[in-house]
Amino acid sequence: MAKVKIYGSPQSRAARALWCARECGVEHEHVVLDMKSVKDPEFLKVNPNGKMPAMIDGDLVLFESMAINLYLAKKYGGALWPSSVEGEGLAYQWSFWGVTEIERHLLTIVVDTFMTPPDKKNPKAVEDAKAALQKPLAVLDDTLKGKQYLLGDTFTIADLNLASVMGWAKLVKLDMTGHAGVANWLDRCLSRPAFRGK
Ligand SMILES: N[C@@H](CCC(=O)N[C@@H](CS)C(=O)NCC(=O)O)C(=O)O
């Protein structure tokens, strides 16, 4: 029996947890869900929020993609987990920063681009989201100067968590002109075999 169970659609935020599990090399079972089945009583016992991803490892049941990934990386990730407490602090920082400063703006663009019928599209909201992203992208670009990855020369869970959010920028072909360091770092992260499902 697989050790870790990950619930969710590969087209959802569950992709983050699946990427992390593959990167860790931990034996895992992927329980595929669609948007309807997250409200099934059976799944609500796993995640009462009715959202994906969720994860079960032994007696532990977790929801929230970033929490799942930080847990998996610490327990099973080897060098994916930072080697110092200071590095851990940075991993928390970039994970929370990704979901608070970046995710909602990218989500606005993703939803408008792929999920909104033509007569309901909101170009103003998309423009505002793109404008709001400029400051955090500049911060990230600055951080990455002279570095391959967020913590230095090694790919860690900080990169995985943030790149899993930033991947939506690729999906919507966000203009990265002026943030070449971010674009290169993102390509580096998303070209990893574990991201591509290997
Ligand atoms: N903050 C949560 C967000 C989870 C979330 O909203 N997941 C979406 C799919 S990407 C979902 O399950 N939506 C179903 C719904 O809201 O009904 C996380 O990062 O895990």
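Counting starts at 1 for both ligands and their atoms, following the listed order. Counting begins at 1 with the first residue of the sequence. Computed from a prediction, not measured in an experiment: that's the story for all the values here.
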Original post:
Which residue and non-hydrogen atom of the protein lie closest to atom 13 (N) of ligand 1, and at what distance in Å?
Top reply: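 Looking at atom 13 (N) of ligand 1, the protein heavy atom closest to it is M35 CE, 3.9 Å.
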**OP:** Run the numbers for me: atoms of ligand 1, each under 4.0 Å from some heavy atom of P53, listed by number.
**Re:**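 The atoms of ligand 1 under 4.0 Å from a heavy atom of P53 are 20 (O).
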Subject >> Atom indices of ligand 1, in the order listed, that fall short of 4.0 Å to a heavy atom of S12 >> reply: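 Answer, ordered by atom number: 9 (C), 10 (S).
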Note: [X]-[Y] ion pair, threshold 4.0 Å (strictly below):
X    : Y    : answer
D57  : K75  : yes
R188 : D159 : no
E64  : R13  : no

Proximal candidate to [atom] [heavy atom criterion; set [options]]:
atom                    : options            : value
atom 7 (N) of ligand 1  : E64, M66, M52, K51 : M52
atom 14 (C) of ligand 1 : S9, A54, G50, A17  : G50
atom 19 (O) of ligand 1 : A67, S65, S164, G8 : S65
atom 8 (C) of ligand 1  : R13, Q11, R16      : R13

Original post:
W97 vs W94 aromatic rings, parallel, tilted or perpendicular, using cut-offs 30° and 60°?
Top reply: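 Correct class here is perpendicular.
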**OP:** Could you tell me how the ring of W19 sits relative to the ring of F195: parallel (under 30°), tilted (30 to 60°) or perpendicular (over 60°)?
**Re:**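 Judged by the thresholds at 30° and 60°, the geometry between W19 and F195 is perpendicular.
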**OP:** Between K39 and ligand 1, find which residue part has any heavy-atom pair under 4.0 Å and reply side chain, backbone, both or neither.
**Re:**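 It is the side chain that gets close, since no backbone atom is under 4.0 Å.
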Original post:
Can a donor-acceptor pair be found between the side chains of D112 and N122 at a distance below 3.5 Å?
Top reply: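 No, no side-chain donor-acceptor pair sits under 3.5 Å.
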